[in-house]
Amino acid sequence: MKKYNPITNEAKWRKIWQESGLYKTPSTPTNKSYNLVMFPYPSGNLHIGHWYNFGPADTLARYSKMHGKDVLQPIGFDAFGLPAENAAIARGLMADEWTDHNTSIMTEQLKKIGTMYDWDRMINTSKPEYYKWTQWIFLKLLHAGKAYQKDGLVNWCPSDKTVLANEQVINGKCDRCGTEVERKNLKQWYFKITDYIEPLLADLDSLDWPDRIKDMQRNWIGKSEGAKIAFAINGSNSSLAVYTTRPDTIFGATFMVVAPEHPLVSELTSEDNRAAIQAYIKQAGSKTDIDRMESAEKTGVFTGSYAVNPATKVNVPIWVSDYVLMGYGTGAIMAVPAHDERDFEFARKFGLEIIQVIDGPSVQDKSHNLTGKLVNSGDFTGLESNKAKSEIIAWLEANALGSRQIQYRLRDWLISRQRYWGTPIPIIHCDNCGIVPVPEKDLPVLLPLKQKFGKDGRSPLLDDPDFINVECPDCGSKARRETDTMDTFVDSSWYFLRYPNPEYQDGPFDPVAVKQWLPVDQYIGGAEHAVLHLLYARFITKFLHSTGHLDFNEPFTKLINQGMILGPDGNKMSKSKGNIIDPDDYVDRYGADAVRVYLMFMGPYDEGGPWDPKRFEGSHRFINKVWELCTTSYSELQHDSPSEAELQSKLHKLIKKVTVDTQVSKFNTAISSLMEFVNYAAKVQAKGDVSKEQWHIAITSLVKLLAPFVPYLAEELWELLGNTSSVHTQAWPEYDPELVKDDIMTIIIQINGKLRGQFVVNTEDAFYKDELERAAREQMADLLKTTEVVRVIVVPGKLVNFVTR
RNA sequence: GGGCGAGUGGUGGAAUUGGUAUACACGACGGACUUAAAAUCCGUUUCCUUUAAGGAUUGAGGGUUCGAGUCCCUCCUUGCCCACCA
């Protein structure tokens with residue numbers, strides 16, 4: 001038989017599959033499986049991470065299809081976004097042309113993977129027929145009071161010249177370009193994600209998602225329970241409210257700290273301290289978040305005012321410091337230096353009093369934040385922290401000094417961007433009418449194409465009179481269009497609803513098709529979206545559910561996270577490190593099947609790991625071995641019944657193993673068992689000691705089991721075996737539980753837990769304890785002669801263990 | 001500082017969830033085929049002592065158990081996420 005040529009073979013089947021429409025999505029699914037991958041950004045090149053996401057995802061989709069599922073496996077492009085704009089600025093191109101060029105290149109690359117994508121369902125978020133409906137969703141949010149404009153301190157990336165959502169700031173830096181983020185006061189558009197905060201938290205429990213991702217979302221939402229407490233300000237009618245999770249430590253609150261931006265700062269500041277306070281506020285305001293974090297030492301200034309600790313009635317000084325954040329709680333704290341590290345540090349630096357109120361190690365040199373018995377706490381002394389918390393809150397409530405309070409870290413989603421290449425926000429600003437939404441019938445608000453950029457990257461929309469100048473839809477007078485566009489995460493927060501019918505004209509999604517296909521059964525993508533896309537998509541789904549547009553409230557029933565493929569040196573692939581692996585180099589030489597096998601075999605799917613060019617050889621060899629095995633004709637040389645029984649048994653064990661492992665995405669062990677079987681079958685083939693019929697059954701089953709992993713190779717082999725229909729439409733082989741069972745079992749013999757021997761019994765005899773012990777004693781007679789057996793443990797079907805003195 | 005995870009041969013990794021540790025693959029070494037090389041095939045390959053037979057071994061130390069890679073405690077190393085969040 002001739003050598004396998006993956007390149008010509010893959011091209012052959014790619015063509016046949018496309019022409020025959022093999023992967024058309026069934027129009028009326030009865031047994032649906034919606035298999036989705038996170039759609040790519042059209043950067044211009046499909047990288048190894050894409051392959052690692054899409055290849056194994058396709059294996060699962062094919063596996064589902066062979067199990068009789070009606071599979072929807074679509075693909076599209078998340079096509080708006082900054083890189084297009086930056087490329088356009090750098091190279092003097094148009095953002096839309098650059099994007100279209102990239103999507104066509106990447107579509108060709110995607111086709112090579114050998115996935116079952118239904119290309120008629122392609123989605124591109126930068127096309128008017130798509131973003132019309134992104135705008136529609138914005139209007140729905142607006143009308144429901146869930147989209148609003150707010151003036152406030154926002155994250156500003158000076159390099160990308162736009163604001164960013166909290167989720168897009170990583171360690172004080174822009175997650176796109178790594179520039180330090182500045183804080184600016186700007187009026188911006190927000191989505192009220194916080195209105196869904198409790199369902200977003202509670203519904204995580206019901207999802208079949210990795211715990212890691214659920215924990216990340218929980219942490220990001222950041223629910224904490226505590227109390228809001230008012231401290232009366234000495235010599236004023238105002239009071240200063242604080243939030244604390246440790247009301248049980250209130251007797252140890254020896255001073256207070258307010259954020260520099262706190263509205264009461266000016267009122268609290270005495271004349272003597274005003275100059276110092278103002279200088280401090282100015283200095284704090286000019287710091288970036290990074291400066292704040294990196295300043296190891298606490299800084300702060302005394303305001304000159306005092307408040308009364310409601311528990312101790314003692315006057316406590318009020319300080320200003322930037323270690324208290326205006327954005328969380330009330331922007332003011334009661335400082336308990338004995339039991340909070342930061343307060344302790346501050347008290348030490350400025351010589352403030354430290355009073356221990358929770359029993360435990362001394363707080364002379366180091367604070368401790370343990371819970372325990374209260375000390376120095378008036379009537380509450382002696383109570384345990386937990387009890388004290390509720391009793392102190394009850395006392396505060398009874399005296400109108402405070403109340404139980406739940407606090408979250410999640411903020412509303414800032415969605416406006418001062419950029420060109422995005423979905424225009426459908427709003428008109430009118431001097432008479434104020435903010436006027438674009439009427440639904442006027443959607444889409446078209447983004448002008450073929451725009452030239454200025455040198456500074458300023459959005460061309462700002463200088464486009466045709467775009468800006470518009471009549472007010474309400475009063476008809478001259479008005480101005482909103483020039484901000486939406487965060488691209490808005491585009492991707494609903495795309496999965498459109499795949500079931502991407503041609504639909506009467507709304508963002510076809511309610512009938514959505515009912516048929518949604519929610520997504522299996523969603524596969526990287527963990528980097530844990531608190532971005534995945535949270536936003538859940539929010540939008542819950543919003544559309546609450547308005548009656550959807551009858552489910554979680555979009556992704558099951559989530560699988562693939563790990564990250566690293567460079568051969570074990571580092572993240574990056575241009576600067578020069579360790580980027582281009583999948584095309586391997587695909588063009590060894591074929592897509594080999595790349596798929598390598599990626600699935602290299603280790604657990606959720607862990608990823610370094611790409612090792614040497615190790616890649618193994619998957620290439622495996623494919624050739626399979627080819628040799630299946631294309632070499634078989635002749636029965638000598639018939640041997642035990643050999644035939646063994647072949648059957650091994651085949652059925654293989655079917656079981658591949659079935660179970662693939663079901664739970666353990667591709668690496670599924671493939672290793674396929675390799676084992678192929679090695680074994682080659683030996684059987686050489687000996688020729690099984691019947692032709694059994695051999696044929698084995699090879700036929702093997703090719704079916706291989707089909708989801710190496711779709712091109714399996715299809716060719718299937719044809720060579722004389723079949724006329726596609727292997728990808730075959731039913732998955734079933735295993736016979738009787739054949740999976742072994743006739744004989746190996747029982748091990750231990751002495752004091754150490755392996756000393758073994759013997760073989762018929763399976764039906766492996767459960768008679770006395771027999772097993774007798775057989776073991778017989779074999780161990782010599783060793784047991786000299787010692788006293790004090791106990792014998794017999795585990796049926798497993799082992800006999802003699803415990804000796 | 002907080003949350004979650006991981007540590008098994010020269011390397012990537014298996015291990016029926018408490019019952020024969022090191023499957024499968026890579027690499028290496030030896031051999032066959034070849035004028036030669038590639039490819040392919042066969043053998044060896046955790047370590048120590050080595051003729052045999054043993055003994056040791058899952059980051060370190062302790063514990064529970066007849067029996068621990070697996071469970072518990074302490075420590076070390078490391079990855080990811082969050083972070084002056086009160």
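Labels below follow one simple rule: chain letters A, B, ... track the order of the sequence lines, proteins then strands, and each chain is numbered from 1. The shown structure was predicted, so the numbers you read here are calculated from the model rather than taken from an experiment.
- Using the six-membered ring where Trp is involved, A/His533 and A/His529 have ring planes that are perpendicular, over 60° apart on the 30 and 60° scheme.
- In summary, the side chains of A/Thr194 and A/Asp412 do present a donor paired with an acceptor at a separation below 3.5 Å, with no hydrogens or angles considered.
- For A/Trp611 and A/Tyr586, the gap between ring centers is short of 6.0 Å.
- Between A/Met602 and A/Ala332, the one whose closest nucleotide on RNA chain B sits nearer the 5' end is A/Met602.
- Close to B/rA86, at under 4.0 Å from its OP1 or OP2, lies no side-chain N or O of A/Tyr243.
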What pairs of nitrogen or oxygen atoms, one from the protein and one from nucleotides 55-57 of chain B, lie under 3.5 Å apart?
residue, atom, partner, partner atom, Å
B/rG55, OP1, A/Arg756, NH2, 3.3

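- Separation of the C1' atoms belonging to B/rU78 and B/rA28 is 28 Å when rounded to the nearest angstrom.
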Notebook entry, point to check: How is the base pairing of RNA chain B summarised as a dot-bracket string, given the Watson-Crick and G-U wobble criteria with both distances under 3.5 Å, [ ] for crossing and | for another strand?
Noted result: (((((((..(((......[....)))((((((.......))))))(((.....)))..(((((..]....))))))))))))....
N/O-N/O pairs, protein side and nucleotides 19-28 of chain B side, under 3.5 Å:
residue, atom, partner, partner atom, Å
B/rG19, N2, A/Gln750, OE1, 3.1
B/rA23, O2', A/Glu676, OE2, 3.3
B/rA25, OP1, A/Asn679, ND2, 2.8
B/rC26, OP1, A/Arg621, NH1, 2.5
B/rG27, OP2, A/Arg621, NH1, 3.4

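- If you check B/rC81, B/rC84, B/rA86 against the side chain of A/Met216, the one that comes closest is B/rC81.
- Distance noted for atom C1' between B/rG13 and B/rG18: 22 Å (whole Å).
- Centroid-to-centroid, the aromatic rings of A/Tyr590 and A/Phe616 come within less than 6.0 Å.
- One atom, CZ of A/Arg218, and another, P of B/rG3, lie 15 Å apart when rounded to the nearest Å.
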